[in-house]
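Fair warning: this is a prediction, and the values are worked out from it, not measured in the lab.
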Amino acid sequence: MLRKTGGYALALGLLFTQQAAAETYEVALMGQGFFPTITYVQPGDIINFHNLGESVAIIGAPDESWSTGQMEPFSSYTLVITSGMTASFEDFFARAQYTDEEILANQAAIDDALYINETTDSFVEVPSPLFASGEFAIDVPAPIISLGDGIPVSEDGGL
């Protein structure tokens, strides 16, 4: 009986271990944007940042609680997600080229254009941000995406 109970405990332990396995995600910095902009992760997951731009990048949290350090073009950096870490990130190297006033003016122009497009029949071009930013959605389930006909798309992009 003890051997049988031990077998069940081992099987349950393996089941829970498999469910808690870390996932690995790829985030690319391409010029003035990250792809994807939002990554849905859990603590323990791994993010591989890839600098696919032609200039140096320093990706990190705005509060400077974590950073990739200087990344040369076409280099990568691995980050492990931890519970409670700052979830937003930006390219500090590109950000340093602008004053706070320039950044605020750019964000105001983006916000104004989005407001006009959402609330009127007019359309104005939305300015590009001055530097890349993104975020992790930690412990938040990823949204279910459908093709518009109610059929969800699986994680690997198929039906």
Between [atom1] of [X] and [atom2] of [Y], what distance do you get to the nearest 0.5 Å?
X	Y	atom1	atom2	result
L29	F93	CG	CZ	12.0 Å
Q32	S128	CD	OG	5.5 Å
N106	E101	CG	CD	13.0 Å
E90	I103	CD	CD1	7.5 Å
F136	I47	CZ	CD1	4.5 Å
F35	H50	CZ	NE2	12.5 Å

Taking all heavy atoms of [X] and all of [Y], pick out the closest pair and write down the distance.
X	Y	answer
E102	Q97	OE1-O, 4.3 Å
G53	P73	O-CB, 3.3 Å
Y77	S67	OH-O, 3.6 Å
L52	A28	CD1-CB, 3.6 Å

Kindly assign one of parallel, tilted or perpendicular to the pair F34 and F89, based on the angle between their ring planes and the thresholds 30° and 60°.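 Answer is perpendicular, since the angle exceeds 60°.
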Without swapping roles, check the side chain of [X] against the backbone of [Y] for a donor-acceptor pair under 3.5 Å.
X	Y	value
E118	Y115	no
N51	M71	yes
D91	I58	yes
S75	E72	yes

Got I46 and Y25 here, is their nearest side-chain heavy-atom distance under 4.5 Å? no
Check whether any side-chain heavy atom of I110 lies under 4.5 Å from a side-chain heavy atom of P127, and answer yes or no. yes
Could you check D45, T39, I81 and say which one makes a side chain to side chain contact (heavy atoms under 4.5 Å, CB included) with I138?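 By the side chain to side chain contact (heavy atoms under 4.5 Å, CB included) criterion, I138 pairs with just one of D45, T39, I81: I81.
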Going by side-chain heavy atoms closer than 4.5 Å, which hydrophobic residues are tied to I116, directly or by a chain of links? V124
Hphob cluster co-occupancy, V140 + I38, side-chain heavy atoms under 4.5 angstrom: yes
Please list, chain by chain and in numerical order, all residues satisfying side-chain hydrogen bond (donor to acceptor under 3.5 Å, both in side chains) with Q107, sequence neighbours excluded. D111
Look at atom CD of E54 and say whether more than 12 heavy atoms of other residues, nucleotides or ligands are closer to it than 6.0 Å.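 No, CD of E54 has 12 or fewer neighbouring heavy atoms, counting only those of other groups under 6.0 Å.
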Side-chain donor-acceptor pair under 3.5 Å between T78 and N48, yes or no?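 Checked: T78/N48 side chains pair up, N/O donor to acceptor below 3.5 Å.
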Answer yes if the side chains of D63 and T86 hold a donor-acceptor pair under 3.5 Å, and no otherwise.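 Checked: D63/T86 side chains pair up, N/O donor to acceptor below 3.5 Å.
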Does L79 form a side-chain contact (heavy atoms from CB on, under 4.5 Å) with M85? I'd like the steps, not just the answer. CA-CA 11 Å; L79 176 74; M85 75 184 295; 3.9 Å; yes
